[in-house]
Amino acid sequence: MTSKEIRESFKVFFENKGHKVVPSAPMVTKDDPTLMFTNAGMNQFKDIILGHAEIKYPRVTDSQKCLRVSGKHNDLEEVGHDTYHHTMFEMLGNWSFGDYFKKEAIAWAWEYLTEVLKIDKDRLYVTIFEGAEAEGLERDNEAFDIWKSLIAEERILNGNKKDNFWEMGDQGPCGPCSEIHIDLRSDDERNTISGAELVNKDHPQVIEIWNLVFMQYNRKADGSLDTLPNKVIDTGMGFERLCMAIQGKTSNYDTDVFTPIIQSIATLTGVEYGSSKDTDIAMRVIADHIRTIAFSIADGQLPSNAKAGYVIRRILRRAVRYGYTFLGRKEAFMYTLLPILIEVMGEAYPELEHNRELIKRVIKEEEDSFLRTLEVGIRMLEGKIEELKAEGKETKLSGQDAFVLYDTYGFPLDLTALILHEQGLSVDEAGFDKAMQEQKSRARNAAAIDASDWQIVSEGESSFLGYKLDSCPTKILRYRKIVQKKKEFYQIVLSQTPFYAEMGGQVGDTGYLLDGEKKYEIFDTKSENKLCVHLMKKLPENLQANFTAQIDVVKRRKAEANHTATHLLHKVLRDYLGSHVEQKGSLVAPDLLRFDFSHFSKVEAEDLRKIEQIVNQRIRENVSLELFEDVTINEAKEMGAMALFGEKYGDEVRVVKYGNSVELCGGTHIKSTGAIGYFRIISESSVAAGIRRVEAVTGETAEKYAYEQEDLLNEVKQSFNNSPQLMTAIKKLIDEHTALNKQMEAIQKERIARLKAELLEEQREQNGVRIFIQNDVTPAIAKDIAFQLLGEVKEPFVFIGSGADSPDKCSLSLMISKDLVEQNSWNASTLLRSVAKHIQGGGGGQAHFATAGGRNAEGLKPATEQILSELNLS
Ligand code: ATP
Ligand code: MG
């Protein structure tokens, strides 16, 4: 079976068991503060499992793009070195939300593997949770009994809490799990050592393929467990590992998921896969990472220097570095693998083809810039090596230096160690680990969120009324305390609310909860797994009160105007620049809108103005809002909304339409475009390869911006005595300035020539060395004279130049002719540094010419004398 057929057969199997087949959610997460990337199939169903969203389909199946490179699941260091962990992989899964439980989940998994795929039962082992007495958790006898009816008892192994008890986080749904492992070794090997002994022992051919999680508890903040009202089945099977098993291979990279990519790398580099351990690892790293990078860019996560973007940047750099070190790739090459990746995966994941040009450009630019960094890093390391050798005693690079190389230049420790080793040096590994730990704990402390359990105040569901109302009566449903970065605040859920929670770029509302005369501030509103949470510094005294929830209307109206303006801008950009323009990021705040979009060159000022004019025209046309709620994606597309990837399954979308601007959008908007008033673009810049950013203001803020510009102009006019010909006056000033500069230069030259002539007339000489001393000159003039002397004076000489701007600002220059430097090993730089103490300063330079600056002009004379005496010239 090909990988495509395998993926398909899984979905068909579960579809026949009454499951709804849904698409993969994006790999980059949007609405979950605890997660940067989807790392398991269940992520997109978290809102359902937590009870924030209704269960539309009690049985669901899919193939989910996952990424395990940060947080709880981080396999990055393994990838490439082993043959069965990837950064990005596909997880096949089936779910039951309050529907079937262990019996069906186990029986169907078994049926699929052994009857549909016909995997040899003698190669399979399963694990069940052995229990944990300390926590009062029993052995999962229920699962054991079900397995016993399907598989020989000696193939059912006990597993501990670490491997066989799954938890969503410190709190929340959890439960025992049961894993299925496969033994892919040869018959000989299997006869020598039983597979049972190798399960969960990191053997590359005895590996876990499927994990069946039985969520039946809910863990509270104090660690205790409740039973979960709606039990959940959550299963996850590694697609690439399954392909390896079915296709009779012993490495994921030998399946048709990877061989075309590996083959392309081999062709590109002229290195055969299988020819050496190091080149094999490098090829696997590259084949794996190109998928991750391409998919995350397609999902909207570009490489950057912070958070999720930084994770992606590091992965790309890891691949480039392996290519550089082991495959001799000194120039960008990753981007050339994109066509083959699209060939392999483009059909199942059309977002790749759709973003082809963008992905290519972003990868290429990242590679180029990293290769430059890599070279700087190598030079830096070479500098360190020289220092170490010069010092002689230390033969170890400090852990801190190694860490800087790692963190800033992307040098893994093994590379640094390798380069050092070639020079007979080594690296302080313990020091490196320490620096790494320190950084990790800094990051952890910054991100740590300590949440208490939700306190229920009243029962009920929360609803959002903010599309229509600015205030409404409400009750508190629940609240909890959060401690983050030592700051305390509360999250509150209301029975109904006009507060818009930050989403789709539009910032969250602020406002108040009112209890009669009492007013309690809500400083922000956020969405967490579909739940709208209001953030408050202080809780109301009477939690049971009948409150009024009131948003800050002025701020909201301004944000709405900016949101609508963003839609108009998006449409005009597409019409004016071309349909390659797509939204790549957006911020809608009350005083500013920021719009990032794909476009491959700078938008020129005249085009920006044209775009601005068309948007303002739309505003003056006062186009009315047409709103369509609960339409299907297809209906929305027919209305002309842009096809957007990354909608979750079954989502009914909301379409916001102003004339020919049609967008899927959950934000709040104004009734007609006239309310925007006025639109001004204030900047255009680049955010990444192929991505431009426009910032703009509207309404009052735009008016203010225009006044600021006018004020500035008035100030300039005043500086020119309100000259009626302002531009002529400015130009005249510039011309005069240039002419004066020229004159200055000529005078300067003359002076230098005169000073030099005077110096040459003096015949002061000592030990066959001519001595030139010039007081009262600036460092620039001293330097000029020194180098002219160097060109003209044939015999050995020393030149000392000095001068002072004021008693506490002075300078000293020293030139020693090159023959003297060579013969006597004299060094102007060292000498000047040592006499600089007289002028309370410091300096340096080269062996034949150096300069120093200081704070004590009285020291110039003794400094000059010391120079002469040290050179035996006094
Ligand atoms: P392992 O111990 O092998 O790392 P895991 O316990 O982390 O696996 P789960 O979190 O249970 O795995 O994920 C479910 C399934 O996803 C696994 O059975 C495996 O087939 C697959 N899987 C997990 N991590 C990876 C990875 N990094 N690359 C490819 N497949 C993976
Ligand atoms: Mg793992």
Side-chain angles (χ1 to χ4, degrees), residues 3 6-7 10 24 27 35 37-43 45 61-95 105-106 109 112-113 117 119 123-129 157 159-169 173-184 198-215 233-246 249-255 257-258 284-285 287-289 291-292 295 311 315 318:
S3 55
I6 296 171
R7 191 190 287 119
F10 182 87
S24 172
M27 201 164 72
L35 218 54
F37 302 103
T38 296
N39 63 18
M42 55 75 52
N43 296 162
F45 306 112
T61 183
D62 72 2
S63 157
Q64 172 68 49
K65 301 176 270 186
C66 295
L67 189 54
R68 293 195 167 182
V69 289
S70 55
K72 178 179 161 192
H73 290 292
N74 188 346
D75 294 333
L76 184 61
E77 294 306 319
E78 263 72 55
V79 175
H81 291 264
D82 77 17
T83 50
Y84 61 105
H85 279 98
H86 300 297
T87 52
M88 181 195 139
F89 64 100
E90 291 178 73
M91 198 186 276
L92 303 170
N94 57 289
W95 282 268
I106 292 175
Y112 178 64
L113 292 179
L117 299 180
I119 294 179
R123 289 184 178 272
L124 295 175
Y125 295 88
V126 302
T127 62
I128 59 138
F129 178 48
L157 312 170
N160 59 20
K161 182 154 175 278
K162 184 180 135 287
D163 285 326
N164 284 77
F165 195 85
W166 183 91
E167 313 220 20
M168 186 182 281
C174 56
C177 60
S178 192
E179 306 160 335
I180 305 175
H181 294 253
I182 190 160
D183 184 349
L184 298 169
L198 298 174
V199 165
N200 274 333
K201 296 272 160 33
D202 293 331
H203 190 290
Q205 280 152 39
V206 183
I207 57 165
E208 177 191 329
I209 50 170
W210 203 346
N211 194 356
L212 316 178
V213 179
F214 315 124
M215 282 178 226
I233 288 292
D234 156 24
T235 88
M237 172 150 62
F239 169 66
E240 297 78 3
R241 293 187 190 179
L242 181 65
C243 291
M244 153 166 79
I246 304 300
K249 310 289 185 192
T250 51
S251 156
N252 287 1
Y253 297 89
D254 294 339
T255 66
V257 181
F258 282 100
R284 289 196 290 264
V285 164
D288 174 277
H289 292 8
R291 302 190 338 149
T292 299
F295 272 92
V311 174
I315 295 173
R318 187 170 185 261

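All residue numbers refer to positions in the sequence shown, counting from 1. Indexing begins at 1, ligand by ligand and atom by atom, following the structure's order.
Interface atoms of ligand 1 facing Asn211, defined by a heavy-atom separation under 4.0 Å, are 11 (O). Using a 4.0 Å cut-off to heavy atoms of Met91, the atoms of ligand 1 that qualify are 13 (O), 14 (C), 16 (O). Atoms of ligand 1 lying under 4.0 Å from any heavy atom of His73, numbered from 1 in the order shown and given with element: 10 (O). Near His86, meaning under 4.0 Å from one of its heavy atoms, ligand 1 places the atoms 26 (C), 27 (N), 28 (N), 29 (C).
Checking only distances, Gly238 does come within under 3.5 Å of ligand 1, N or O to N or O. Between Glu240 and ligand 1, no pair of N/O atoms sits closer than 3.5 Å.
Heavy atoms of Ile209 approach ligand 1 to within less than 4.0 angstrom. Between Arg241 and ligand 1 there is a heavy-atom distance shorter than 4.0 Å. Distances shorter than 4.0 angstrom occur between a heavy atom of Tyr84 and an atom of ligand 1. The closest approach between any non-hydrogen atom of Glu179 and ligand 1 is not below 4.0 Å.
Scanning both residues, Asp234 and Trp166, for their nearest heavy atoms gives OD2-CZ2, 4.4 Å.
Evaluated by nearest non-hydrogen atom to atom 17 (C) of ligand 1, the leading choice among Met237, His181, Glu90, Glu208 is Glu208.
Counting heavy atoms under 4.0 Å from ligand 1, residue His85 touches it through both backbone and side chain.
Within the model, atoms NE2 of His81 and CG of Leu76 stand 9.5 Å from one another, a figure rounded to the nearest 0.5 Å.
Screening Met215, Glu167, Met168 for a side-chain contact (heavy atoms from CB on, under 4.5 Å) with Cys174, the sole residue that qualifies is Glu167. Of the candidates Asn211, Asn160, Asn164, Asn164 is the only one forming a side-chain contact (heavy atoms from CB on, under 4.5 Å) with Thr127.
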Next on the checklist: Applying ring pair (Phe, Tyr, Trp, His ring centres under 6.0 Å) to Phe258 and His86, what does each step give before you reach the verdict?
Outcome noted: CA-CA 11 Å; Phe258 282 100; His86 300 297; 4.8 Å; yes
Next on the checklist: As a quick check of understanding, evaluate side chain to side chain contact (heavy atoms under 4.5 Å, CB included) for Met27 and Met88, giving each step before the final call.
Outcome noted: CA-CA 9 Å; Met27 201 164 72; Met88 181 195 139; 3.6 Å; yes
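At least one test fails for Arg68 against the ring of Phe89: distance under 6.0 Å to the centre or angle within 45° of the axis.
Aromatic ring orientation, Tyr112 versus Phe10: perpendicular (interplanar angle above 60°, classes split at 30° and 60°).
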